[in-house]
Peer 1: 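First, the structure itself, so that you have it in front of you.
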Amino acid sequence: MTESAAAHPSDRDIRQAVTERYGARARAALGEHATTTAEACCAADADGPQPMSLELLQFATPEGQACSVDGCCEADDAPADAAEDGGVWGSALYDTDQLSEVPDAAQLAAAGCGNPTAIAELSPGEAVLDLGSGGGIDCFLASKQVGPDGEVWGVDMTPDMVQLARHNAESVGATNVRFRLGEIEDIPFADDTFDVIISNCVINLSTDKPQVFREAFRVLKPGGRLRVSDMVLTADLPAGERADLEAWAGCVAGALPVEEYLGHIRAAGFSDVRADCAEETRPGITSANVTAVRPA
C-alpha cells in the first residue's frame, strides 16, 4: 500500500483503540488477583467503590492466563511484535527487589518499555507526576523514593486503569500516591506543581506529542526534570503500519524518529534534552530513556 493509499486513522479512532486495549488489560489484571467477585467488579474511587464493566470482565483461566475482550493473551503480554522480536517489556524490566512491595495487579497491568524511576533521580519530599500511569507500577516505585513527605500523582485517560490503580493503592495502604482521570495533552494540574515528570511507553500513543510536552513544561516547576521511557524510530515505518489501529495501540505506529521526538521536547522549552537508546527491538524501532530539564 502506498503512502497516499493508506488511510490514516482519526484521532478519535486511535484514542478508542488505546482505551479499549488498556481497559481490557486493567480488567484482566484486577480479575486475576481479586479474591471475590465483588472485589473484581469494583475498584476504589475517591468517592467510594465504582462498578467496573462486568460484562467485559473475565477471570483467570486454570492455566493462569487472563482473557481480555479482544481475545486471550498472557497476563504479561507485550506491545505488538515484542515477543517474536525478543523485546523485554512490562514488569520484567524491573529488579525483583523493586517489585517486592508493588501490588501483583500493578505488575500484571504493566506494559512499559523502560523503568523511568531508575533515571529520575528522585529525592525525599519531591512531587512526582506519572503521565499515563496505568496500574500504577512506576507511581508505587516513585513513592518509596520520595517518602512520606513527598507525593506522587498518576494521570491516565482509561477509566478502568484509574480504578485499578486506586484499588492497588488501597491494597498496599499507599498514602502518598493518588490517581486522577485525565489526558496527557491537557494535564489536570496547575502550573509549576511538580518537581519531576515520568512516563513509561505512553507518549508515543498520543496523536499530539508537541502538546504533551508543552503541558509537561507548564506543570513542572522551574528546574524540574522530565524523565521518560518511550518507543522511538530509527527508520521509517511502512505506511500500512502507520494506518493500523492495532499497531497504534501496540506502541508502534505512533512512535516518532528519535530526533523528531527530541525536537518536540526542545520546542516546548526544555533544555539538556538527551536520549539513550536501547538495542533495536526489531529493525527500525527501539526504546529510549529520554531526559530533559525545565530551565530554572
Side-chain angles (χ1 to χ4, degrees), residues 6-30 43 52-53 56-57 66-71 73-83 87 89-90 106 108-114 116 129-139 154-165 179-188 197-213 215-216 228-233 237 240-256 261 264 281 285 287:
H8 193 281
S10 68
D11 291 358
R12 180 178 180 179
D13 288 342
I14 292 169
R15 289 171 59 83
Q16 181 175 351
V18 170
T19 301
E20 289 177 354
R21 181 185 182 111
Y22 294 100
R25 191 182 186 97
R27 293 188 293 273
L30 184 61
M52 299 190 80
S53 304
L56 298 179
L57 179 65
C67 295
S68 68
V69 295
D70 53 358
C73 55
E74 292 292 334
D76 58 349
D77 64 346
D81 299 325
W89 307 92
L108 281 175
C113 57
L129 174 64
D130 184 4
L131 299 181
S133 48
I137 186 169
D138 292 310
C139 290
V155 62
D156 201 289
M157 74 171 186
T158 305
D160 286 315
M161 275 296 185
V162 174
Q163 292 186 340
L164 171 62
F179 298 93
R180 176 176 289 181
L181 185 67
E183 300 175 359
I184 61 176
E185 299 87 357
D186 186 16
I187 298 173
I197 288 178
I198 60 175
S199 187
N200 196 346
C201 209
V202 170
I203 296 173
N204 75 84
L205 298 170
S206 172
T207 59
D208 192 352
K209 297 170 184 63
Q211 176 63 14
V212 174
F213 294 125
E215 279 290 277
V228 171
S229 298
D230 211 350
M231 301 304 295
V232 295
L233 299 180
L237 285 179
E241 195 161 19
R242 281 285 190 198
D244 189 313
L245 284 173
E246 284 299 313
W248 267 96
C251 301
V252 173
L256 295 179
Y261 191 101
H264 289 318
T281 301
I285 190 164
S287 62

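Residue indices begin at 1 and follow the sequence shown. Computed over heavy atoms, backbone and side chain alike; hydrogens, waters and symmetry mates excluded. Remember, it's a predicted structure, so these values are computed and weren't measured experimentally.
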Peer 1: Using the test side-chain hydrogen bond (donor to acceptor under 3.5 Å, both in side chains), find all partners of Asp156 that sit at least two apart in sequence or belong to another chain.
Peer 2: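 If we apply the side-chain hydrogen bond (donor to acceptor under 3.5 Å, both in side chains) test to Asp156, skipping adjacent residues, the hits are Thr158.
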Peer 1: After noting the C-alpha distance and the side-chain angles of Met157 and Val18, does the key distance pass the side chain to side chain contact (heavy atoms under 4.5 Å, CB included) rule?
Peer 2: CA-CA 10 Å; Met157 74 171 186; Val18 170; 3.7 Å; yes
Peer 1: Contact between Val155 and Pro188 at the side-chain level, heavy atoms closer than 4.5 Å - yes or no?
Peer 2: yes
Peer 1: Please report the closest heavy-atom contact between Lys209 and Ser206, naming both atoms and the distance.
Peer 2: NZ-O, 2.6 Å
Peer 1: Applying salt bridge (Lys or Arg N to Asp or Glu O under 4.0 Å), name anything that partners Arg15, two or more places apart in sequence or on another chain.
Peer 2: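 Counting only residues at least two positions away or on another chain, Arg15 forms a salt bridge (Lys or Arg N to Asp or Glu O under 4.0 Å) with Glu183.
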Peer 1: Search all heavy atoms of Gly154 against all heavy atoms of Cys139 and return the closest pair with its distance.
Peer 2: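 In terms of heavy atoms, the two residues are closest at CA-SG, 3.9 Å.
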Peer 1: Heavy atoms only: give me the nearest Leu205-Cys201 pair and the separation to one decimal.
Peer 2: CD1-O, 4.2 Å
Peer 1: Just verifying a value: how many Å separate Asn204 CG and Ser229 OG, rounded to the nearest 0.5 Å?
Peer 2: 11.5 Å
Peer 1: Under a 4.5 Å cut-off applied to non-hydrogen side-chain atoms, are Ser287 and Asp230 in contact?
Peer 2: no
Peer 1: I need the minimum non-hydrogen distance between Ala247 and Glu241, along with the two atoms involved.
Peer 2: CB-O, 3.6 Å
Peer 1: Any chance you could lay out the side chain to side chain contact (heavy atoms under 4.5 Å, CB included) test for Asp138 and Ser133, step after step, and finish with the verdict?
Peer 2: CA-CA 7 Å; Asp138 292 310; Ser133 48; over 6 Å; no
Peer 1: Could you measure the distance from the CG atom of Asp130 to the CZ atom of Phe179? Nearest 0.5 Å is fine.
Peer 2: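 If we round to the nearest 0.5 Å, Asp130:CG and Phe179:CZ are 8.0 Å apart.
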Peer 1: Please report the interatomic distance CD1(Ile197) to CD1(Ile187), rounded to the nearest 0.5 Å.
Peer 2: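 The CD1 atom of Ile187 is 5.0 Å from CD1 of Ile197, to the nearest 0.5 Å.
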Peer 1: Is there side-chain contact between Ile184 and Glu215, with at least one heavy-atom pair below 4.5 Å?
Peer 2: no
Peer 1: Sequence neighbours left out, what passes salt bridge (Lys or Arg N to Asp or Glu O under 4.0 Å) with Glu185? Give chain and number order.
Peer 2: none
Peer 1: Measure the shortest side-chain to side-chain distance between Pro116 and Val228 over non-hydrogen atoms and say whether it is less than 4.5 angstrom.
Peer 2: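 Pro116 does not reach Val228 side chain to side chain.
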Peer 1: Which distance, rounded to the nearest 0.5 Å, do you find between the NE2 of His264 and the CG of Leu256?
Peer 2: 5.5 Å
Peer 1: For the atom pair SG (Cys251) and CD1 (Ile203), what is the distance rounded to the nearest 0.5 Å?
Peer 2: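 Going from the SG atom of Cys251 to the CD1 atom of Ile203 covers 11.5 Å.
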Peer 1: Side chains of Tyr22 and Val202: does their closest heavy-atom pair fall under 4.5 Å?
Peer 2: no
Peer 1: Taking the side chain as C-beta and beyond, is there a heavy-atom pair between Leu131 and Ile198 under 4.5 Å?
Peer 2: no
Peer 1: Could you check whether any side-chain heavy atom of Met161 comes within less than 4.5 Å of a side-chain heavy atom of Thr19, counting everything from C-beta outward?
Peer 2: no
Peer 1: Taking all atoms of both residues into account, what is the closest heavy-atom pair of Ala255 and Arg242, and its distance?
Peer 2: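 Minimum heavy-atom separation between Ala255 and Arg242: O-NH1, 2.9 Å.
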Peer 1: Find the distance between CZ (Arg12) and OG1 (Thr207) and round it off to the nearest 0.5 Å.
Peer 2: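 The distance works out to 13.5 Å.
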